[in-house]
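See structure below.
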Number of protein chains: 2
Amino acid sequence: MDKIMTYEEYLRDVKKGIVTDLGNCPVTPLLLMLQGKWKTQILYELCIHDTVRFSTLKKELSGITNTMLTNSLRELEADGFINRVQFNEIPPHVEYSFTERGRDLMPIFYEIMVWGFKHESDQPKKDQPKND
Amino acid sequence: MDKIMTYEEYLRDVKKGIVTDLGNCPVTPLLLMLQGKWKTQILYELCIHDTVRFSTLKKELSGITNTMLTNSLRELEADGFINRVQFNEIPPHVEYSFTERGRDLMPIFYEIMVWGFKHESDQPKKDQPKND
DNA sequence: CGGAATCCACTGTGATACTG
DNA sequence: CAGTATCACAGTGGATTCCG
């Protein structure tokens, strides 16, 4: 694909059979990378803090364990979203920051935020709260 | 929030303490709703087919089981993304389609697609394939 | 300080068989 | 046709302890 089209243009081409070698949802791969309970929250902290340390994340994401924080950070790093810089001073510390690939998620997050504000009131009740 | 700002404007306000009542990532809630292996693929089929039947989904999403398809559809319906219309003819069938809430995901998917095309080549290898 | 290692509970996913 | 019911399994999430 040479030029960026809209999603609906893209889908129209898919329907017409012009795009056949994909065969699958172009949205899925990224969203699979962002799955898990903590990934997006870590990225959010990265947005706020520019660079952030392990201990800061641990403090901000209340409830997260060392294990999960480590795993999530490792996966985000492996997927190329964040950088990990280790400072071997005393006391040692580590700083995490966005890669360009990660920072380019911003427009997506912006659209999600817009969607969220538009639809925050129409969230259907998946289970009615019982009035006790 | 009265007017839509950019995500970075929003984050700047968060940093300044103007937005304090949120306290959490505005991106996370939606992405949690879209988690799972099949959700986005189902939505993708909905994009292509406008309305789509259970059996069509079953055929297109090769590998999905009745259980997972049913569960995913139920959750997408509960989250307000899709409509379910049942036709009690002979033979009976069911048609799924987007709600407005679901269709409004399009701009998000578009941004994800743009991101995907920009970064499709810089995907780092998370594990080197061993040449056996 | 920033993890790693281990163990464990839970739940997401899947295969199979059956039903209105 | 469009599911439901059950069971099995694997991966995720979590608590605790220990290490460089």
Side-chain angles (χ1 to χ4, degrees), chain A residues 24-25 28-46 49 51-79 81-97 126-127, chain B residues 24-25 28-46 49 51-79 81-97 126-127:
Chain A
N24 228 325
C25 175
T28 303
L30 173 63
L31 257 40
L32 287 179
M33 291 188 232
L34 297 182
Q35 291 211 69
K37 190 172 171 179
W38 304 103
K39 297 275 186 73
T40 48
Q41 299 184 58
I42 292 173
L43 295 180
Y44 180 64
E45 293 300 325
L46 238 7
H49 296 293
T51 81
V52 62
R53 297 166 57 156
F54 188 92
S55 51
T56 306
L57 286 170
K58 182 86 188 294
K59 187 178 54 186
E60 298 291 329
L61 307 181
S62 80
I64 197 170
T65 59
N66 289 347
T67 311
M68 287 311 301
L69 183 50
T70 300
N71 289 351
S72 303
L73 287 169
R74 289 280 183 274
E75 291 179 21
L76 287 173
E77 190 190 3
D79 285 328
F81 296 120
I82 63 174
N83 294 311
R84 179 182 185 277
V85 181
Q86 187 166 343
F87 295 84
N88 288 321
E89 311 159 351
I90 305 296
H93 69 279
V94 177
E95 285 184 359
Y96 294 95
S97 60
K126 20 181 69 164
D127 40 17
Chain B
N24 227 327
C25 175
T28 303
L30 174 63
L31 258 39
L32 287 179
M33 291 187 232
L34 297 183
Q35 291 210 69
K37 190 173 171 180
W38 303 103
K39 296 275 185 73
T40 47
Q41 299 183 59
I42 291 173
L43 294 180
Y44 180 63
E45 293 301 323
L46 239 6
H49 295 293
T51 81
V52 63
R53 297 165 58 156
F54 188 92
S55 51
T56 306
L57 286 169
K58 183 88 189 294
K59 187 178 56 186
E60 298 292 329
L61 307 180
S62 80
I64 196 171
T65 59
N66 289 348
T67 310
M68 286 311 300
L69 182 51
T70 300
N71 289 351
S72 302
L73 287 169
R74 290 279 183 275
E75 292 179 19
L76 287 173
E77 189 190 3
D79 285 328
F81 296 120
I82 62 175
N83 294 311
R84 178 183 184 277
V85 181
Q86 186 167 344
F87 295 84
N88 288 321
E89 310 159 352
I90 305 295
H93 69 279
V94 177
E95 285 183 0
Y96 294 94
S97 59
K126 23 182 67 166
D127 41 15

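Reminder, nothing fancy here: chain letters follow the sequence lines and each chain counts from 1.
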Pairs flagged by side chain to side chain donor-acceptor pair (under 3.5 Å) wherever residues 56-68 of chain B is involved - sequence neighbours left out: Lys58(B)-Asn66(B)

Quick one about Thr28(B) and Thr40(A) (side-chain donor to acceptor, distance below 3.5 Å, no hydrogens or angles considered), yes or no? yes

Would you list the pairs meeting salt bridge (charged side-chain N to carboxylate O under 4.0 Å, His left out) in which at least one residue belongs to residues 28-43 of chain A, sequence neighbours left out? Lys39(A)-Glu75(A)

Gap between atoms [atom1] and [atom2], on [X] and [N] respectively (whole Å):
X	N	atom1	atom2	answer
Leu76(B)	dG3(D)	CG	P	13 Å
Leu61(B)	dT13(C)	CG	P	13 Å
Glu95(A)	dG2(C)	CD	P	9 Å

Considering only dG14(D), dG14(C), dG2(C), which nucleotide approaches the side chain of Trp38(A) most closely? dG14(D)

Short of 4.0 Å, heavy atom to strand atom, which residues of residues 82-93 of chain A count as contacting DNA chain C? Arg84(A), Pro92(A), His93(A)

Apply side-chain hydrogen bond (donor to acceptor under 3.5 Å, both in side chains) to Gln86(A) and list each qualifying residue two or more places apart in sequence or on a separate chain. Arg84(A), Asn88(A)

Just to verify, what does Asn71(B) make a side-chain hydrogen bond (donor to acceptor under 3.5 Å, both in side chains) with, not counting sequence neighbours? none

Between Thr56(A) and Thr65(B), the residue closer to the 5' end of DNA chain C by nearest nucleotide is Thr56(A)

What are the atom names and distances for every N/O pair under 3.5 Å that joins the protein to nucleotides 4-6 of chain D?
{"residue": "dT4(D)", "atom": "OP1", "partner": "Arg74(B)", "partner atom": "NH2", "Å": "3.4"}
{"residue": "dA5(D)", "atom": "N6", "partner": "Thr67(B)", "partner atom": "OG1", "Å": "3.0"}

By the 4.0 Å heavy-atom rule, please label Lys37(B) as base, sugar-phosphate, or nothing. sugar-phosphate

Mapping Leu73(B) and Gln35(B) onto DNA chain D by nearest heavy atom, which one lands closer to the 5' end? Leu73(B)

